[in-house]
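Since the structure is predicted, the reported quantities are computational estimates derived from the model, not experimental observations. Just so you know, residue 1 is the first one in the sequence shown, and it goes up from there.
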Amino acid sequence: MSKILKIRNVGDYSQWVGHTDTHPLVSVIDYAEVSPVRHCLNNYSVYGIFFHDEANIDLAYGCGKYDYKEGTVICVAPGQIGGKEDNGEVVNLTGWALLFHPDLLQGTALEKHIREYSFFDYRVNEALHMTNEEHDILVSLMRQIKDELQKKHDALQDAILVGYTSN
């Protein structure tokens, strides 16, 4: 059986790809800044939204495969397994990843409703396909969240970050 990387917090994934986090509960990764990255099969304890600008990768998700091509989004939730077995291969990626720990949502309306978002459902084995406009919006949101994470942490920052993730 292949080794599975346990993603207990956002820092576990960030460390794997060579990214430095500025917040303990949220990570925004611009793959262009950390590529090339090595494949790995992940067991997530965090939420994740991943999209690559140029992708043609066979990824495992649960017991099946993901239809993961250019212009698609993959969403994972705690308790899910996904990725590609670590065979030593490194790939150059462009695109983004947003990972956030469930503790970020504690006490918010999103905490109560996130389970209703079917795109985090483990049984889904097809990535969400984006239009060019949707892609541009998602990139813009990633940049805004990344900018927010660069600011000094204060009492309002977590609420702002939850607001971005619920858009």
Side-chain angles (χ1 to χ4, degrees), residues 4-62 65-86 89-105 110 114 117 119-122 124-130 132 134-150 157-158 160-167:
I4 297 177
L5 178 64
K6 293 184 188 298
I7 308 296
R8 296 175 303 264
N9 55 59
V10 298
D12 289 342
Y13 184 82
S14 294
Q15 184 177 358
W16 177 260
V17 299
H19 174 75
T20 303
D21 291 322
T22 57
H23 192 287
L25 301 176
V26 182
S27 182
V28 173
I29 299 167
D30 179 351
Y31 283 110
E33 295 176 0
V34 296
S35 277
V37 299
R38 205 164 114 194
H39 285 300
C40 64
L41 195 57
N42 304 309
N43 181 348
Y44 294 95
S45 295
V46 299
Y47 289 95
I49 300 171
F50 303 88
F51 67 98
H52 300 291
D53 295 331
E54 299 173 19
N56 193 3
I57 305 169
D58 290 330
L59 296 178
Y61 187 63
K65 296 282 185 194
Y66 233 129
D67 174 21
Y68 195 48
K69 305 287 185 235
E70 181 178 338
T72 58
V73 178
I74 290 178
C75 301
V76 298
Q80 297 176 357
I81 296 174
K84 184 172 181 177
E85 185 176 334
D86 179 7
E89 178 184 5
V90 294
V91 291
N92 286 309
L93 299 174
T94 58
W96 297 80
L98 168 65
L99 294 102
F100 57 97
H101 196 278
D103 288 352
L104 179 71
L105 308 180
L110 184 55
I114 197 162
Y117 297 159
F119 47 84
F120 284 116
D121 191 339
Y122 194 82
V124 177
N125 62 359
E126 241 184 63
L128 304 169
H129 296 275
M130 296 182 290
N132 288 338
E134 291 166 333
H135 173 272
D136 293 346
I137 290 169
L138 201 49
V139 168
S140 176
L141 282 170
M142 293 292 177
R143 288 187 175 131
Q144 290 174 48
I145 295 168
K146 184 177 177 185
D147 288 346
E148 181 62 37
L149 290 170
Q150 300 301 317
Q157 188 179 48
D158 287 352
I160 291 168
L161 294 168
V162 169
Y164 277 122
T165 59
S166 62
N167 282 336

Please report the shortest heavy-atom distance between [X] and [Y], naming the atom on each side.
X      : Y      : result
Val34  : Gly18  : CG1-O, 3.8 Å
Ile145 : Val26  : CG2-CG1, 4.4 Å
Ile29  : Ser14  : CD1-OG, 3.8 Å
Pro102 : Ser45  : CD-O, 3.5 Å
Val10  : Pro24  : CG2-O, 3.5 Å
Val28  : Met142 : CG1-O, 3.7 Å

Residues in salt bridge (charged side-chain N to carboxylate O under 4.0 Å, His left out) contact with Glu134, at least two apart in sequence or another chain =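 For Glu134, no residue satisfies salt bridge (charged side-chain N to carboxylate O under 4.0 Å, His left out) once neighbours in sequence are set aside.
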task = Report the residues that fulfil ring pair (Phe, Tyr, Trp, His ring centres under 6.0 Å) with His23, sequence neighbours left out, ordered by chain and then residue number.
result =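 Applying ring pair (Phe, Tyr, Trp, His ring centres under 6.0 Å) to His23 gives His153.
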message = Under the rule for ring pair (Phe, Tyr, Trp, His ring centres under 6.0 Å), what residues qualify as partners of Tyr47, not counting sequence neighbours?
response =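 Per chain and number, Tyr47 pairs via ring pair (Phe, Tyr, Trp, His ring centres under 6.0 Å) with Phe100, Phe120.
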inquiry  = Working note: Tyr117 + Leu110, criterion side chain to side chain contact (heavy atoms under 4.5 Å, CB included); need CA distance, chi angles, decisive distance, verdict.
reply    = CA-CA 10 Å; Tyr117 297 159; Leu110 184 55; 3.5 Å; yes
message = Ring centres under 6.0 Å, that's the criterion: do Phe50 and Tyr13 meet it?
response =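 Yes: the rings meet the under 6.0 Å criterion.
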query = salt bridge (Lys or Arg N to Asp or Glu O under 4.0 Å): which pairs involve residues 10-37, sequence neighbours left out?
reply =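 Qualifying pairs, neighbours excluded: Arg8-Asp12, Glu33-Lys146.
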ask   = Is it the case that more than 12 heavy atoms not belonging to Gln144 sit under 6.0 Å from its CD atom?
value =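 Result for CD/Gln144: enclosed.
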query = Would the number of heavy atoms belonging to other residues, nucleotides or ligands and lying under 6.0 Å from CG of Asp147 be above 12?
reply =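 Count over threshold, so yes.
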message = Going by the rule side chain to side chain donor-acceptor pair (under 3.5 Å), which residues pair with His101 if we only count those two or more places apart in sequence or in a different chain?
response =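 In terms of side chain to side chain donor-acceptor pair (under 3.5 Å), with neighbours along the sequence ignored, His101 is linked to no residue.
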Side chain to side chain donor-acceptor pair (under 3.5 Å) against Asn42, all qualifying residues, sequence neighbours excluded =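 Partners of Asn42 under the side chain to side chain donor-acceptor pair (under 3.5 Å) test: Tyr44.
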message = Any heavy-atom pair between the side chains of Val37 and Val90 that's under 4.5 Å?
response =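 Sidechains of Val37 and Val90: no contact.
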task = Evaluate the side-chain proximity of Ile114 to Leu105: yes if any heavy-atom separation is below 4.5 Å, no if none is.
result =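 Yes. Closest side-chain heavy atoms under 4.5 Å.
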query = Checking side-chain contact (heavy atoms from CB on, under 4.5 Å) against Ile81, which of Leu5, Leu41, Val76 comes through?
reply =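 Result for side-chain contact (heavy atoms from CB on, under 4.5 Å) with Ile81: Leu41.
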